[in-house]
Amino acid sequence: MLGPVPSPSSVPEPPASRPGDSPALESTIPIIDIRSTACSVTVAALEEGIRAGVLAGFSRPYNEKELPNLLLYNEEGLRLFEQITYQPDYYLTGLEIDILSRYAHQIADSVPDGAILLELGAGALRKTALILDALEAQGKAVTYFALDLDKPELLRTLAELKDRYTHVSLAGLWGTYDDGCTWLKQIKERPRIILWLGSSVGNMTRKEAGQFIRTFGDVLAPRDRFIIAIDSRYHKLDDIRAAYNDRAGVTRRFALNALGNINDLFNANVVDVSCFDYNPYYNEIQGRNEAYFRCLKETQFKIPSETPILVHEGEYIRFAFSHKYDRVEGQMLWTAAGAYPVQEWASRDGDYALTMLSWAS
């Protein structure tokens with residue numbers, strides 16, 4: 001079943017410009033560097049890890065090659081992904097906005113006055129703003145922290161909300177998810193609410209997802225909550241396929257940008273992007289979209305100081321998953337995380353939902 005998706009006219013157009021890394025903005029919206037924790041990953045170390053992942057993935061056998069999905073999220077990739085979320089075919093954003101438009105006040109009701117609201121991955125804040133607007137309307141003195149490893153992205157997204165609120169305070173946390181979890185351990189005197197939108201949990205394997213959510217549960221107190229968005233298997237197959245291969249071709253550009261990013265990371269002509277095309281596949285049995293590059297003609301990967309790696313015409317290279325959950329799989333996810341669902345806010349047909357989790361015994 002497919003729930004009603006807001007028409008294109010009900011979803012705002014993408015911003016025409018992207019505010020840059022502005023010292024003036026940073027002076028009014030604090031960005032806290034939490035990368036000094038034990039889990040910290042510097043940009044240089046992150047890039048080195050991606051390079052290692054590229055080499056390991058290229059070295060796999062025929063039709064088993066894979067690439068790290070972090071290649072997708074350079075500056076251009078972030079810009080293109082934001083464009084994807086405005087495409088009518090990408091139903092996930094439309095459904096999430098619909099849910100938040102109807103239930104933001106209920107979500108705000110569950111956030112205590114004086115709480116910390118920490119969002120994992122800043123992204124475009126037009127969805128988060130619906131919750132923050134509801135908190136502002138209730139006059140709650142909540143501090144919203146956007147967590148992201150990309151400082152310019154934090155500044156850019158927080159700029160969209162500058163001077164919007166009186167009661168709600170805004171700040172950025174510059175670091176990884178692991179850094180954010182470690183930082184939370186030091187913030188015990190205030191109620192803590194974790195927000196994870198966009199069905200980003202689908203980018204992890206089901207086992208990884210349960211383990212990841214549990215790491216936050218190990219930090220949170222009984223009064224704290226974790227709100228997570230999760231997509232289901234219950235959409236029409238054509239709608240799922242279109243979401244990951246939109247008619248405007250933005251997803252295709254987003255994917256192929258990741259191949260070009262390899263050349264930037266190694267500062268060399270490692271990949272001839274013209275030799276590949278984007279080839280998504282929805283695996284009904286596994287309940288996940290699988291994203292592949294398909295080799296159009298025989299070519300080589302030429303990583304500096306490494307033996308060239310032959311890629312055959314017709315060979316597939318996997319680079320991302322997007323898992324969907326049925327009702328049983330959702331319950332298994334909460335069990336793996338050791339969490340209890342407290343409340344759920346669903347789309348009209350129940351095919352997309354925000355679930356509030358607790359670790360209170």
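Position 1 is the first residue of the sequence; numbering continues from there.
One N or O on the side chain of Asp179 and one on the backbone of Thr176 form a donor-acceptor pair closer than 3.5 Å. Judged by distance alone, the side chain of Glu136 and the main-chain N or O of Thr166 form a donor-acceptor pair under 3.5 Å.
Counting only residues at least two apart or in different chains, salt bridge (Lys or Arg N to Asp or Glu O under 4.0 Å) contacts with residues 184-211 comprise Arg192-Asp224, Arg206-Glu329. Sorted by first and then second residue, the salt bridge (Lys or Arg N to Asp or Glu O under 4.0 Å) pairs involving residues 332-343 (not counting sequence neighbours) form an empty list.
The aromatic ring centres of Tyr90 and Tyr86 sit 6.0 Å or more apart.
Trp196 and Glu119 form no side-chain donor-acceptor contact under 3.5 Å, judged by distance and modelled atom types alone. Glu284 and Tyr282 form no side-chain donor-acceptor contact under 3.5 Å, judged by distance and modelled atom types alone. Side-chain polar atoms of Asn261 and Tyr73 form no donor-acceptor pair below 3.5 angstrom.
Taking the ring centre of Phe321 as origin, the terminal cationic atom of Arg288 falls inside the region bounded by 6.0 Å and 45° from the ring axis. Taking the ring centre of Tyr234 as origin, the terminal cationic atom of Arg327 falls inside the region bounded by 6.0 Å and 45° from the ring axis.
Among Trp183, Phe216, Phe212, the single residue meeting the ring pair (Phe, Tyr, Trp, His ring centres under 6.0 Å) criterion with Tyr177 is Phe212. When each of Asp351, Asp239, Asp231 is checked for a side chain to side chain donor-acceptor pair (under 3.5 Å) with Tyr91, only Asp231 meets the rule.
A heavy-atom distance below 4.5 Å is found between the side chains of Pro304 and Val270.
In summary, Glu313 and Lys297 do not engage in a salt bridge, as defined by a charged side-chain N under 4.0 Å from a carboxylate O.
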